[in-house]
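Residue numbers start from 1 in every chain, and the chains themselves are labelled A, B, ... in the order their sequence lines are given, proteins ahead of strands.
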Amino acid sequence: MKRLLKGGRVVDPVNGRDGIFDVLIDGDRIAQVGTNLSTDGAEVINIPSGQVVCPGLIDMHVHLREPGQEHKETVATGVASAVAGGFTAVACMPNTRPVNDNAGVTRLILQKAAEASLARVYPIGAVSRGQKGEELADIAELKEAGCVAVTDDGLPIATALLARRALEYTSMFNMPVIEHCEDQTLKGDGVAHEGPVAASLGLRGIPGVAEAITAGRDILLAEMTGGHIHIAHMSAWTTIEAVRQGKSRGVKVTCEVCPHHFTLTDDLLAAPVAYDTNTKMNPPLREARDRDAMIAGIVDGTVDVISTDHAPHHYDEKNVEFDRAPFGIVGLETAVSITLDKLVHTGLITLTRMVELMSVNPARILNVPGGSLAVGEPADITVLALELPVTVDKTRLVSKSKNTPYHGWSFKGGVAATIVGGRTVYENPHAGHR
Amino acid sequence: MNPAATPPLTALKQKHLLGIADLTPAEIVLILDTAEAMKEVGQRTIKKVPTLRGRTVINLFFEPSTRTRTSFEIAEKRLSADTLNVAIASSSVVKGETLVDTAMNLEAMAPSMIVLRHASSGACHLLSRICQAAIVNAGDGMHEHPTQALLDAFTIRERKKKLAGLKVAIVGDLLHSRVLRSNVLLLTKLGAEVWVCAPATLIPPGLTQMGVTVTTRVDEAVEGADVIMMLRIQLERMQGAYFPSQREYFRTFGMTEARVARAKPDVIIMHPGPINRGVEIASEVADGTQSVILDQVANGVAVRMAVLYLLAGEPQINTAAD
């Protein structure tokens, strides 16, 4: 079956396109991209002006919680949330229960993803068995079962030695080691960014350098071993500085930033709702200097990826004292609107750069298909509605969990439709197609 | 009386007392003035007024406390409130009911006020969002302990007749202390010159932005001070290698008679208790003539009566010997 996306603005950095083109889909593949393509035998989908056709967005950092914590999210609800947020693929973290440190868990996740048949799911395996930081997991087996990277996310790789071994070992499989950078001794029992806000609220602090110290360690190890280190969810200006230096020396280091870290600061912990547990995540919201450094890194090219660190938690788990609440917020359904509003419409970055950050680079880093609308590529396509007014309503989130700090926020720009393998898996009723 | 003058404040704007941060200077003065009338009640033979008759006050304590809980309970009883104590060991909460569920169950029994002591900063804010009852913060984690700061201010004012312009030196564990945060907020709002002193490991970031002078030299902090306020070294929290030993702490930061001699001759020595003799304060100082530590305890009852009375929103005070 053929489908023709007609007359939309196509932004496809890999193929050097930013202009009005038709995109012809044949089955699950891109068949042709050009102007005035024949509509013969194709279902025609007219793309309204103000909408953008781009390679499907890929979120390389989500927690789908299955197996083990299905009250927060399942693979099925997670991928439904993903496609509602414009993501055609997600890479899911291994800190499930049990941990994804063996092929059995990997296959379970992939099977659930196949049943749901919405976004593509790329499991990420554990670096260490049980994420205990003691010995390497069976990484070759994980790779064979379908894992695209390894990480002990939630925790850093426990020791420099294990990080070294992981970087050496994974270099055989062309897969990155993704690091949650956080020196655990400096973190202690901290629950918020260490600074004046946490001090005045009486919350134990996690200093920014706790992140940069681990990042620095891993960048040096990547340099030594030739392995690929990917620094997850950066939050501190010192971390991005370490990455910038590493890149300038030619180290194989890539990195990501989440929307909350380039939009929010720890002031949100004090007001408007003091001790709102939906402002608690790890790494924590930091100061304006850190937030501004994230934006600067996105603008100057240091940052490779915008990911969400989608971390669903049940209402009951968040409805507790701040220090007892789990870290994390949902992010899949707000990332596109935040990025369009805060980065693209403000003129900080171009749409091309946004597509690089959210599609091209995640595909390249994880060595997965996508990130391109070249002929023969899978027809994974996100249609963005640039001017669409969006007001976040947590009660209407598709995700099983509603823990967002953006409830009630309004943004300009959203998702019009999400197409995976040629099939429209999400269509925004407010963004009128056809 | 000057008709153009602002009418004196007679009520608090807030429904709850979550922290000194929410109080205006005028509200603080109102509480202190009201406490003076309440102190008089405590000096009568029959130490009871009917002000809170028919009101139920629950003292919900998730942390062990002798002084604060007793003080609140006596204050409530002197105001004729129906009072009850619910003490819950933090450990059992981990397994059992959440704070929100506990509060909603108590709330269902329609208390007028809940006095809450809890190990988590912000616990009172959480309750204030779900309860109709007025929430009184009796100490939340490392955040605030507003009635302690109020009774400290009351005690200082009683001795010095003012707060503005006084040099107050606060020495001890600044990092973990809710007493520090409340006192800094209160004293700076009322114009005192506040110095704080601790080992560098126990100084939280951002203190200077709160309008105080920070030093690690205790002699400098107490030099010419009108008030020396000691903070407890929380021995149970000192696992994080904040300083090498109690002995070294006392040598470097302990309040000795020699250090007190650097302050003004009429300096008063304060401590929120419980004190660690020979750790943060020498017994000679704690028990000396300049010590007002037990006055603080006595004044705690009057100040808490004032807070409860003002939060209850009674139209009229019935404490005068009329």
Side-chain angles (χ1 to χ4, degrees), chain A residues 71 183-210 236 238 265-280 284-290 313-327 407, chain B residues 16 18-22 62 90 93-94 97-104 116 118-130 137 139-146 174-182 184-185 196 202-212 214 237 239-242:
Chain A
H71 63 292
D183 182 280
Q184 292 298 287
T185 63
L186 284 174
K187 182 203 176 192
D189 48 8
V191 297
H193 170 64
E194 182 175 311
V197 173
S200 74
L201 291 173
L203 296 173
R204 289 167 190 276
I206 307 171
V209 296
T238 41
T265 64
D266 60 354
D267 290 333
L268 205 60
L269 275 65
V273 180
Y275 301 98
D276 181 355
T277 55
N278 286 332
T279 64
K280 180 179 176 181
L285 298 178
R286 299 197 188 271
E287 295 173 40
R289 179 181 189 176
D290 299 293
H313 290 293
H314 192 271
Y315 166 80
D316 284 342
E317 295 164 319
K318 281 287 197 181
N319 192 22
V320 296
E321 301 89 316
F322 191 91
D323 55 0
R324 289 171 193 236
F327 292 101
H407 178 66
Chain B
H16 312 283
L18 303 180
I20 300 296
D22 304 325
F62 287 87
S90 312
V93 174
V94 177
E97 198 167 53
T98 65
L99 174 62
V100 167
D101 281 334
T102 303
M104 289 199 304
L116 178 68
H118 197 284
S120 293
S121 302
C124 297
H125 287 76
L126 179 61
L127 252 60
S128 74
R129 290 197 281 268
I130 57 175
N137 185 351
D140 66 324
M142 312 189 313
H143 175 231
E144 280 223 47
H145 191 354
L174 308 177
L175 183 62
H176 300 103
S177 177
R178 53 194 172 210
V179 175
L180 172 88
R181 283 165 181 77
S182 289
V184 165
L185 289 165
V196 298
L202 288 171
I203 298 175
L207 267 183
T208 40
Q209 283 108 297
M210 294 177 81
V212 303
V214 182
R237 279 186 173 148
Q239 309 306 319
Y242 292 102

I'd like to know which of A:A198, A:G195, A:G205 tops the heavy-atom pair count under 4.5 Å against chain B. A:G195
A side-chain contact here means heavy atoms from C-beta on lying under 4.5 Å apart; do [X] and [Y] qualify?
X	Y	result
A:R204	B:H176	yes
A:L201	B:S121	no
B:L126	A:N319	yes
A:R324	B:L99	no

Correct closest heavy-atom pair for B:R129 and A:A274 would be NH1-O, 3.0 Å
All heavy atoms of B:P204 vs all of A:A199, minimum pair found to be CB-CB, 3.9 Å
Closest-packed option against chain A by number of heavy-atom pairs under 4.5 Å, given [options]:
options	answer
B:V100, B:L207, B:D101	B:V100
B:G19, B:S120, B:G206	B:S120
B:E144, B:R181, B:Q209	B:R181

Parallel, tilted or perpendicular: which one describes the rings of A:Y275 and B:H143, with boundaries at 30° and 60°? perpendicular
